Amino acid sequence: MTEDGLKSFLALLSDDPERAGELFVHLQGKLIRYFGWNLCSNVEELADEVLDRVARRVAEGEQIGSPVSYVLGVARRVLLESRPRLLTLPLEGDVEAPRNEADPGDFARLDACLEAIPPESRAMLLEYYSAEAGERIRVRQEMADRMGLSGNALRNRCLRLRKSLQDCMERRTRARVKREAAS
Amino acid sequence: MNPVRLRAYLLGRLSDAERHEIESRVFEDDDFDSLLQEAEADLLDDWARGRLVPQDADTVPRRFPPEKLRLAKVMAGHTRSVAPGRDRGVRRWLAAAAALCVISGGAYLHRRPVVEMPPPAPVVKRPADGAVQVFALHAPATRGVSVPVFRLSRETVIVRLTVQVAAGSGRHVVELESAGPPIRLEVTPSGGGLSIDIPASQAPAGNCDLLIFEPGGTLLATYAFRIERE
């Protein structure tokens, strides 16, 4: 993405540069989820490809009424273009069954990741996702009422915490793999 | 939008048109976006706790990456030991999690595998016409258009899907996607059309997508339809 393209695209999202940056990152997140839900493995790469193409078109002077709709249209095109690659996957037999053995190192990493979350947030996260299927709506509404939050606000907080936990685990797992490869 | 529909989307059970509707809302409505993310988390948690029907439980590991599956497994172990409103501490959580299966990262395909379906078993006797049911797909699926619904008769032995392709085209790859394992076949057109035969016992029920790829690998068309069994 060229600098001019990025500037033009950001200007399209918002007059306020800081807000435009937030919206850009927000849109990138939606694209990553879109490609993930459509079973693409290189989700970040595809999301960047979409944003690159949109920025290029904006820089070329294309008039775009709704940036979000336009981005989704380009994403659909990129998804279609990526699909034939499914056929070149060297699939051999069935998907390997997951190994069931517990790895003690994983639990230590999880411990560390949980410790990194403030205690109140940790308790909120665990309570939010402890509800059984039939009780989720009630339990979560009760939590929101107790905390003085809207249902949406509570949901978003817990989603962010869950994501941060997942990212933390992955960082530590990658660090372990790197250490083992180096030794 | 009801949670059942969101879950169907996450499990890949909706038609193209239905998927497009949900994906449009994800981009245009932030609240809906987080609702779908929560539906994903709940689906993974239900999977990790063994609360899904077998078909769904088999589908989940094929549609989500290992890191999300692993997190769900570990959180399932912890939340089983935590009463709402109380945090019993990380150590106890770890002891509960240690009893669980942990999916290790790195070596798994998290995309659906494509199963090479063996050719239909040869028919020893020529079946009566009624035993071959033809589903002719005339128009590629487009957004907003209702998809054709085919009712599969109990007497049917062979389901024949047919589409029209340009004359003179070479061997095409055809991929049938549904709630079951994807089916991929290489088919040579004849008489201006492509047809694939599937034993009726193996024909998927529910929403289906038939993808046609040109010999070079370019996606030619997608046909969305639905099969209902008598």
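Only heavy atoms go into these numbers, but all of them, side chains included; no hydrogens, no water, no symmetry mates. From a predicted model like this one, the values you see are computed outputs, not experimental measurements. Order of the sequence lines fixes the chain letters, A, B, ..., with proteins taken first and strands second; residue numbering starts at 1 for each chain.
- Between the side chain of B:Glu18 and the backbone N or O of B:Ser15 there is at least one donor-acceptor pair closer than 3.5 Å.
- With a threshold of 4.5 angstrom between heavy atoms, A:Asp167 does not approach chain B through any atom at all.
- B:Leu185 pairs in a side chain to side chain contact (heavy atoms under 4.5 Å, CB included) with only one of the listed residues (B:Ile196, B:Val173, B:Leu194), which is B:Ile196.
- Listed options A:Met169, A:Met143, A:Met124 were ranked by heavy-atom pairs under 4.5 angstrom with chain B; first place goes to A:Met169.
- Listed options A:Arg136, A:Glu170, A:His26 were ranked by heavy-atom pairs under 4.5 angstrom with chain B; first place goes to A:Arg136.
- Residues meeting the ring-ring contact (aromatic ring centres under 6.0 Å, His included) test with A:Phe9, sequence neighbours left out: A:Phe24.
- When every heavy atom of A:Leu13 is checked against every heavy atom of A:Ala20, the shortest pair comes out as CD1-O, 3.8 Å.
- Counted within 6.0 Å of CG on B:Asn2, heavy atoms from surrounding residues, nucleotides or ligands total more than 12; the atom is thus considered enclosed.
- By a heavy-atom distance cut of under 4.5 Å, A:Arg155, A:Asn156, A:Leu159 are the residues of residues 153-160 of chain A near chain B, going up by number.
- Annotation: maximal heavy-atom pairing with chain A below 4.5 Å, among B:Val26, B:Asp42, B:Asp33, B:Asp31, occurs at B:Asp42.
- Heavy-atom distances place the side chain of B:Leu10, and not its backbone, under 4.5 Å from chain A.
- Relative to the six-membered ring of A:Tyr128, A:Arg140 meets both conditions, a distance below 6.0 Å and an angle of at most 45° to the axis.
- Applying the side chain to side chain donor-acceptor pair (under 3.5 Å) criterion to A:Glu44, with sequence neighbours excluded, gives no partner residue.
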*Check step by step if side-chain contact (heavy atoms from CB on, under 4.5 Å) holds for A:Arg57 and A:Val74.*
CA-CA 11 Å; A:Arg57 305 230 176 109; A:Val74 174; 3.8 Å; yes
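- Shown here are the ring-ring contact (aromatic ring centres under 6.0 Å, His included) partners of A:Tyr70, two or more places apart in sequence or in another chain: there are none.
- Only the side chain of B:Leu211 comes within contact range of chain A, with at least one heavy atom under 4.5 Å from a heavy atom of that chain.
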